[in-house]
Structures are given as C-alpha cells and as structure tokens.
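Each residue takes its place number in the sequence, starting with 1. Basis for what follows: all heavy atoms, side chains included, without hydrogens, waters or symmetry-related copies.
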Amino acid sequence: MYSREKHRQPNSTAHRKLRSRSKMSVVKTVLYLIANIASSITIILLNKWIYSQKIFPNISLTMVHFIATFCSLCVCEKLNFFNVKSVNVHQLVTLSLCFCGFVVFTNLSLEYNSVGAFQVAKVMTTPGVMIIQSFRGKQFSHSVKFATVPIVVGVILCFSYDIRFNTVGTVFATLGVIVTSFYQVLVNSKQAEMQLNSMQLLFYQAPLSAFLLCLCIPFLEPEIVTTFLHHWTLTEVCFITISCLAAVLVNLTTYWILGNTSPLTYNMVGHMKFVLIMLGGWYLYDREMSQNQWFGVCLTLFGLIVYTHIKIKENEARITSPTEIRTEKN
C-alpha cells in the first residue's frame, strides 16, 4: 500500500506540472492573439485619425514605424528571441522597395478612402497573388478560383456604392493591392533563397526601407520640417507614440502567431480583425455606409472564409497523401 502511494505521488506531481504548463501555454496564446487583434485595430483606426487631423505626414509616419520596428527587433535579438544572420544587404534592395511601396500605398489608401473601402480593398491581395503565381506556373483548383469570385464582386460593390468614392483613393488602393501582391510573392521566395525567418528578414528590411523613404521624404513631404517644429500637444505625442507601439506589436505578435499556432487560428484571427475593424471604422468614421456597401462587405467576408476553408483542406490533403501512399504500399 505504501509503495503504491509512493509511486503515485511523483506521477500525480508530474501530471499537475504538465497541466500547469498546458494552462500557461493556452493563456500565453490567448494573450498574443488579443494583443495582435487589439494592435491591428488600434493602428488602423488611430492612423486614420492622425491622417484626417493632418498631425503627421503619411510617408514620414511610415518611416517612423520602420525605425520603431527595427529598434524593437534589436531588443528582441538581445533577449535571444532570434539570431541575426549575416546577409548581403544588396540582395534585399528590391524587396525593401516593394516593402516601402506596399506599406506607403496601403497607408495612402487609408488616408484617402473610408475605413470600410480601405479594409475591403486589402482583401484583393488574395486574387492578386493568385494571378501573379499563375503567370509563374502555379496551378489552382477550380474551387479556389470560384472562392475568389464573391471576394472580387464584394470589393467592387463596396467601392461602387461608397459615398466618399474618389479617384485618388481608388488609385492608391489599386497600387497598394498590386505592390502588396508582388511583395508577398517576392518575400516568400527571398526567405527560402536566403534561409531567413520573418524576424531575421525584417531586421534588415526595416532599416533599409526607412533609409529609402528618408531619401524620398524631402521631395514628397517637404512639410515634415514644419511638422516637427510646430507646437506639439500631449495628445498628439501620445497618439504618435501609441501608433508606433501598435506597429511594433502587430509585427511581433503576427510572427509569434504564425510560428506557434495553426493556419486555421491565424486565418480566423484575420477574419475577426476584418469584422472588428469594419465595425470600428463604421462607428467612428463611416456612419453613412449604404446597405449595398454592407452587402459587399458580407460577400467579401463570405468569400474569404470559403477560400480559407478550401486552402486549409487542400494543404491537409497534400500533407497526408504521402503518408497514405506509404501505408498502402506497406
């Protein structure tokens, strides 16, 4: 009897430790997901306010975000979150130019469009990437192709019935989609070619992109001098600081979620952010959105969910099929 209790005690202790670690892991994951959702919503809704109040020029704010991101990555590297690899920076110039274009055009789309139109336009990156990859020889199933139809139709409806529709905003949104699509294709190939993870790549990409924008700002935004010299209120300083912190948090939490959760979790978080940003934008800025626009938003979200479901199922089938073949042979 004594020996049984003696043997049970270490087992129960180990079981309690395992349960405790499991609970901590779940809590950690939930906290990262909440931080990612909160920072993603904050940066879009707050930047919209900063642009509408003309507090800080658009491209200059993007450069400040890049610098803040690089500083945070330096801290993460010192804390051993990742290791810096030695790379040839010249190989990253094209990627950094695409990165600049992707972030700058997306932010300009946010400035000149309603939050709803801006958020829906970003979704067009999915069919954009598909078109580019098709030209590079990649094949897509009919199910995936059909899933993009409600996405495209929903975006067209949202823009067509936007009360604040403007040509400049539409041009920036279109350029943002095109450059973002090319960037996503290019970044995947560069990561594979240089064998870098997201943080290692961003460690070089962020300062290089900030430098490239710094060369352009005197010509594109000469008002930056008066912006720095004007009398700053405490509210303005706080909002710019929060915007930078949100940009850093979005990058770091996205990296963690991609590395520590399933593709389904990541995509579901993306859909949740889409809905919450739409609702937040409607409440703060876009109260006059028409029924046709809301129908377009719902159609786009439906297409996104269907597309995600099909892609996850196809990836699972691709992973399990070699195992099934080996089992049949045995």
query: Applying ring-ring contact (aromatic ring centres under 6.0 Å, His included), which residue pairs with at least one partner in residues 24-45 are found, sequence neighbours left out?
result: Y32-W256
query: Is any side-chain N of the basic residue among E111 and K54 closer than 4.0 Å to the acidic one's carboxylate O?
result: yes
Beyond-backbone contact of F105 with S109, side-chain heavy atoms, under 4.5 angstrom: no
- request: Kindly give the heavy-atom pair with the smallest separation between M194 and N88, and that separation in Å.
  value: CE-O, 4.3 Å
- request: May I ask you to check whether E221 and S60 show a side-chain donor-acceptor distance below 3.5 Å?
  value: yes
query: Mind checking whether F102 and Y183 have parallel, tilted or perpendicular rings, split at 30° and 60°?
result: parallel
query: Which pair of heavy atoms, one from T300 and one from V120, lies closest together, and at what distance?
result: OG1-CG1, 4.0 Å
query: Near H309 NE2, under 6.0 Å, is it more than 12 heavy atoms from other residues, nucleotides or ligands?
result: no
- prompt: Counting heavy atoms not belonging to K313, are there more than 12 under 6.0 Å from its NZ?
  reply: no
message: Are the side chains of Q119 and I44 in contact, using a 4.5 Å heavy-atom criterion?
response: yes
If you look only at distance, which donor and acceptor atoms sit under 3.5 Å apart when one is on a side chain in residues 139-150 and the other is two or more places apart or in another chain?
unit_1 : atom_1 : unit_2 : atom_2 : d
S141   : OG     : V144   : N      : 3.3
S141   : OG     : E314   : OE2    : 2.5
T148   : OG1    : K145   : O      : 2.6

- prompt: Apart from V185 itself, which Ile, Leu, Val, Met, Phe, Trp or Tyr residues share its cluster (side-chain heavy atoms under 4.5 Å, direct or through members)?
  reply: V129, I132, I178, F182
query: How about F82: does its CZ atom have over 12 heavy atoms from other parts shown lying under 6.0 Å from it?
result: yes
task: Tell me, yes or no, whether the heavy-atom count around E193 atom CD, taken from other residues, nucleotides or ligands under 6.0 Å, exceeds 12.
output: yes
field: F56 and F228 aromatic centres sub-6.0 Å
entry: yes
- request: Mark yes or no for whether T62, through its side chain, and N58, through its backbone, hold a donor-acceptor pair below 3.5 Å.
  value: yes
- request: Taking the six-membered ring for Trp and the full ring for Phe, Tyr or His, determine whether the centres of F66 and F99 are under 6.0 Å apart.
  value: yes
message: More than 12 heavy atoms of other residues, nucleotides or ligands under 6.0 Å from CE of M272: yes or no?
response: no
statement: What one should report as the nearest heavy-atom pair of Y285 and L45 is OH-O, 2.7 Å
